[in-house]
Novice: 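What follows is a structure written as structure tokens; I'll ask about it next.
Please read all numbers here as calculations on a predicted model, not as lab measurements.
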Amino acid sequence: QVTLVQSGGGSVQAGGSLTLSCVISGSAASFHMGWFRQAPGKAREGVATRSTDGRTYYSDSVKGRFTISQDTTKNTLTLQMNSLEPEDTGMYYCSADSYPRSRTTMQSLSGAGWTYWGQGTQVTVSS
């Protein structure tokens, strides 16, 4: 059984930075990984994904501000969030999937079909 354990998050003022981490119990290099978020009253949306070949994809709303990275030696996925905005507020989830995914699917940032999910961590950005 694969488990994802998240840490990080918290509250910050607009313009600040936060880092989210996600430790996967299996070999991180074997999984497509992603970060997703859900704001109150809104649907879950993809933030950033990283495929097993190292390609990364970002939503337009976070491109240039967020960075997804992976440390395979520590089986850890990280989301560095800079220049945070109140619109970034929400519950953030990391996810992993070992099944083949096309580049188009990864680029779409769809959360459909991802197998493993972290417990979620709250990010609150105040104006």
Novice: Would you mind reporting whether Arg101 and Thr49 have side-chain heavy atoms less than 4.5 Å apart?
Specialist: no
Novice: Please check: side-chain N/O of Ser25 versus main-chain N/O of Thr3, any donor-acceptor pairing under 3.5 Å?
Specialist: yes
Novice: Do Val62 and Met81 touch side chain to side chain, with heavy atoms closer than 4.5 Å?
Specialist: no
Novice: Measuring from Cys22:SG to Gln119:CD, what's the distance to the nearest 0.5 Å?
Specialist: 8.0 Å
Novice: Indicate yes or no for a side-chain donor-acceptor contact from Thr89 to the backbone of Val125 under 3.5 Å, with no hydrogens or angles considered.
Specialist: yes
Novice: Do the side chains of Val47 and Leu84 join up, straight or via other hydrophobic residues, at under 4.5 Å, putting them in one cluster?
Specialist: yes
Novice: Less than 4.5 Å apart, any side-chain heavy atom of Ile24 and any of Leu77?
Specialist: no
Novice: If you look at every heavy atom in Ala48 and Leu79, which pair is closest and at what distance?
Specialist: CB-CD1, 4.3 Å
Novice: Look at atom CD of Gln13 and say whether more than 12 heavy atoms of other residues, nucleotides or ligands are closer to it than 6.0 Å.
Specialist: no
Novice: Do Leu109 and Trp114 sit in one hydrophobic cluster, given that two such residues count as connected whenever their side-chain heavy atoms are within less than 4.5 Å of each other, even indirectly?
Specialist: yes
Novice: Please check if the side chain of Tyr58 supplies one atom and the backbone of Ile68 the other of a donor-acceptor pair under 3.5 Å.
Specialist: yes
Novice: Output yes when a side-chain donor or acceptor of Gln80 lies under 3.5 Å from a complementary backbone atom of Ser69, and no otherwise.
Specialist: no
Novice: Please check: side-chain N/O of Thr76 versus main-chain N/O of Lys74, any donor-acceptor pairing under 3.5 Å?
Specialist: yes
Novice: Test Ser59 against Ser61 for side-chain hydrogen bond (donor to acceptor under 3.5 Å, both in side chains), laying out the working first.
Specialist: CA-CA 5 Å; Ser59 68; Ser61 63; 3.1 Å; yes
Novice: Under 4.5 Å between side-chain heavy atoms, hopping through other hydrophobics if needed: is there a path connecting Leu20 to Val12?
Specialist: yes
Novice: Just how far is it from atom OG of Ser110 to atom CZ of Arg44, taken to the nearest 0.5 Å?
Specialist: 7.5 Å
Novice: Would a hydrophobic clustering, with Ile, Leu, Val, Met, Phe, Trp and Tyr connected at side-chain separations under 4.5 Å, put Met33 with Tyr116?
Specialist: yes
Novice: Mind listing the closest non-hydrogen atom pair of Thr105 and Ser102 along with its distance?
Specialist: OG1-OG, 2.8 Å
Novice: Can you give me the closest heavy-atom contact between Ser51 and Tyr57, atom names plus distance?
Specialist: OG-CE1, 4.4 Å
Novice: Mind checking the CD-CD spacing from Gln38 to Glu45? Nearest 0.5 Å is all I need.
Specialist: 9.5 Å
Novice: Do Met106 and Trp35 land in one hydrophobic cluster if side-chain heavy atoms of ILVMFWY residues count as linked below 4.5 Å?
Specialist: no
Novice: Does Ser98 reach the side chain of Ser30, with side-chain heavy atoms less than 4.5 Å apart?
Specialist: no
Novice: Give a yes or no on whether the backbone of Gly120 and the side-chain of Gln6 come within a donor-acceptor separation of less than 3.5 Å.
Specialist: yes
Novice: I want to check something: taking the side chain as every heavy atom from C-beta on, are Gln70 and Phe31 in contact at a cut-off of under 4.5 Å?
Specialist: no
Novice: Would you name the heavy atoms of Ala14 and Pro86 that are closest together and state the gap between them?
Specialist: CB-CD, 4.1 Å
Novice: One thing to verify: whether Arg37 and Asp88 come together as a salt bridge, which I'm taking to mean a side-chain N less than 4.0 angstrom from a carboxylate O.
Specialist: yes
